[in-house]
Amino acid sequence: RAMLGGGYWNVFASDDPRRDGLHVYDLRAEVQPLRRLEGLGLAGEIVKERNGAENDSWGGYAEIHHDFGDDVPWKPYIAYRYAAFTGDDGKGDNSAFDPLFYGFNDWNQWYLGEILGEYVATNRNLDVHVLHLRTNPIESITAHLFYLYFRLDEFANEVSSRPPTDSRVALIESRDLAHEVDFIVDWAPNDYLSISAVAASLFPASGARVFFASGDTWSSFMLTASVKF
């Protein structure tokens, strides 16, 4: 079984010169390559952005995952994803990927890292390795464990008025940014109520230690509830 999709968007008018007249080309695919392993899947997506010298960038991901199905206790699912988003060194064409407008359909699908992706960085100038383990100990509870390793795509050789604008980025001399571990539990006791608990820790590597001017571990705890009408 295979699925293939694509899209084209044109931002025909924007006050942001990087988005004014921006052309966005998107191609994505998912395939189950082996009949004997129905739970094994391969997926990927690539996005190209082009707007003259204001934006010439790309981003995308490749993933392999396996769903062990209902016959295995706790219904485990495991996945590895590599995501890449181009950066810009401040010279020539601007090659920093513009993530445009974020959405949410599942944990660590749009925001990569409940700490780094939510509060520190966007999907720009990053190479990210993601390991994901998901289980369902009971029908109403889903537990996720993520490990993410962040690397810098491009060194900022000079600071300009375009992204990245933070002068601390120019001081980074190591591509190794950070490691992050996220543990998430979703509980849906009925069709209307859902509750999520998140515990996350970010461990700065040599690159992030320069940016943060500290090697301290970051920790985040979150409890959310939502009601559907």
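We number each residue from 1, following the sequence as shown.
- Cation-pi geometry between Arg124 and Phe85 is not satisfied (NZ or CZ under 6.0 Å from the ring centre, within 45° of the ring normal).
- No more than 12 heavy atoms of other residues, nucleotides or ligands lie within 6.0 Å of OH in Tyr192, so this atom counts as exposed by the packing criterion.
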Could you tabulate the donor-acceptor pairs under 3.5 Å formed by side-chain atoms of residues 200-216, not counting sequence neighbours?
{"unit_1": "Ser206", "atom_1": "OG", "unit_2": "Ser174", "atom_2": "OG", "d": "2.7"}
{"unit_1": "Arg209", "atom_1": "NH2", "unit_2": "Pro204", "atom_2": "O", "d": "3.4"}
{"unit_1": "Ser214", "atom_1": "OG", "unit_2": "Asp216", "atom_2": "N", "d": "3.1"}
{"unit_1": "Ser214", "atom_1": "OG", "unit_2": "Asp216", "atom_2": "OD2", "d": "3.3"}

For this session: Apply side-chain hydrogen bond (donor to acceptor under 3.5 Å, both in side chains) to the pair Asp176 and Tyr149, showing each step before the final yes or no.
Result: CA-CA 8 Å; Asp176 296 328; Tyr149 171 42; 2.4 Å; yes
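- In the hydrophobic cluster analysis, where Ile, Leu, Val, Met, Phe, Trp and Tyr join through side-chain heavy atoms closer than 4.5 angstrom, Trp218 is grouped together with Ile184.
- A donor-acceptor pair is defined here as one N or O able to donate and one able to accept, closer than 3.5 Å; such a pair exists between the side chain of Arg175 and the backbone of Asp153.
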Problem set entry | Trace of the side-chain contact (heavy atoms from CB on, under 4.5 Å) decision for Arg81 with Gln109 | CA-CA 10 Å; Arg81 172 177 290 201; Gln109 294 293 310; 3.3 Å; yes
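- Counting heavy atoms from C-beta outward, Asp186 and His144 have side chains that approach closer than 4.5 Å.
- Without hydrogens or angle criteria, Asp20 side chain to Ser14 main chain gives a donor-acceptor distance under 3.5 Å.
- Listed by chain and residue number, Lys48, Arg50 satisfy the side chain to side chain donor-acceptor pair (under 3.5 Å) test with Asp56 (two or more places apart in sequence, or in another chain).
- Annotation: Tyr102 is in aromatic contact with Tyr111 [ring centroid separation under 6.0 Å].
- Counting heavy atoms from C-beta outward, Arg151 and Leu177 have side chains that stay 4.5 Å or more apart.
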Problem set entry | Evaluation steps, side-chain hydrogen bond (donor to acceptor under 3.5 Å, both in side chains), between Tyr80 and His129 | CA-CA 7 Å; Tyr80 164 74; His129 300 271; 2.7 Å; yes
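- A salt bridge does not link Glu49 to Arg19: none of the charged side-chain nitrogens sits closer than 4.0 Å to a carboxylate oxygen.
- Going from atom CG of Leu34 over to atom NE2 of His66 covers 9.0 Å, rounded to the nearest 0.5 Å.
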For this session: Applying side-chain hydrogen bond (donor to acceptor under 3.5 Å, both in side chains), run through Thr142 and Asn136 and close with a yes or a no.
Result: CA-CA 5 Å; Thr142 302; Asn136 289 99; 2.8 Å; yes
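- Linking ILVMFWY side-chain heavy atoms closer than 4.5 Å, directly or via other members, places Val227 and Phe104 in two distinct hydrophobic clusters.
- Between Ile195 atom CD1 and Thr224 atom OG1 the span is 8.5 Å, to the nearest 0.5 Å.
- Rounded to the nearest 0.5 Å, atoms CG (Asp67) and CD (Glu38) are 11.0 Å apart.
- Hydrophobic clustering of Ile, Leu, Val, Met, Phe, Trp and Tyr side chains at less than 4.5 Å, counting indirect connections, keeps Phe101 apart from Trp58.
- The 12-atom threshold is not exceeded at CZ of Phe12, counting heavy atoms of other residues, nucleotides or ligands nearer than 6.0 Å.
- Using a 4.0 Å cut-off between charged side-chain N and carboxylate O, Asp26 and Arg28 make a salt bridge.
- Judged purely by distance below 3.5 Å, without hydrogens or angles, the side chains of Ser95 and Ser57 never pair a donor atom with an acceptor atom.
- The CH2 atom of Trp110 lies 9.0 Å from the CG atom of Asn123; values are rounded to the nearest 0.5 Å.
- Remark: the backbone N or O of Arg35 is not paired with any side-chain donor or acceptor of Arg1 at under 3.5 angstrom.
- Minimum interatomic distance between Ala29 and Leu4 (heavy atoms only, all atoms of both residues): CB-CD1, 3.9 Å.
- Side-chain atoms of Leu148 and Val128, non-hydrogen and from C-beta on, do get closer than 4.5 Å to each other.
- The minimum heavy-atom distance linking Pro99 with Thr122 is given by the pair CG-CB, 4.1 Å.
- Put simply, CG on Asn108 and CD on Glu118 are 8.5 Å apart, with the number rounded to the nearest 0.5 Å.
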For this session: Kindly determine whether Tyr82 and Val130 satisfy side-chain contact (heavy atoms from CB on, under 4.5 Å), including the steps that lead there.
Result: CA-CA 6 Å; Tyr82 170 70; Val130 185; over 6 Å; no
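- Taken together through direct or relayed side-chain contacts under 4.5 Å among Ile, Leu, Val, Met, Phe, Trp and Tyr, Trp9 and Tyr25 form parts of separate hydrophobic clusters.
- Centroid-to-centroid, the aromatic rings of His179 and Phe150 stay 6.0 Å apart or farther.
- Of the possible donor and acceptor atoms, none in the side chain of Asp182 sits under 3.5 Å from a partner among the backbone N and O of Phe146.
- Considering CG of Leu116 and CD of Glu180, their distance stands at 6.5 Å, rounded to 0.5 Å.
- Other residues, nucleotides and ligands place more than 12 heavy atoms under 6.0 Å from the CH2 atom of Trp107.
- At most 12 heavy atoms of other shown residues, nucleotides or ligands fall within 6.0 angstrom of atom CG in Asp15.
- Asn125 contributes no side-chain N or O that, together with a main-chain N or O of Thr86, makes up a donor-acceptor pair within less than 3.5 Å.
- Using a 4.5 Å heavy-atom cutoff, the side chains of Trp187 and Ser140 are in contact.
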For this session: Tell me, with the steps shown, if Leu145 and Val181 meet side-chain contact (heavy atoms from CB on, under 4.5 Å).
Result: CA-CA 7 Å; Leu145 180 63; Val181 177; 4.1 Å; yes
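- No continuous path of ILVMFWY side-chain contacts below 4.5 Å connects Leu37 to Ile78, so the two sit in separate hydrophobic clusters.
- Using modelled atom types, no side-chain atom of Glu45 and backbone atom of Leu27 make a donor-acceptor pair closer than 3.5 Å.
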Problem set entry | Pair Phe97-Val47, side-chain contact (heavy atoms from CB on, under 4.5 Å): steps then yes or no | CA-CA 9 Å; Phe97 184 75; Val47 179; 4.1 Å; yes
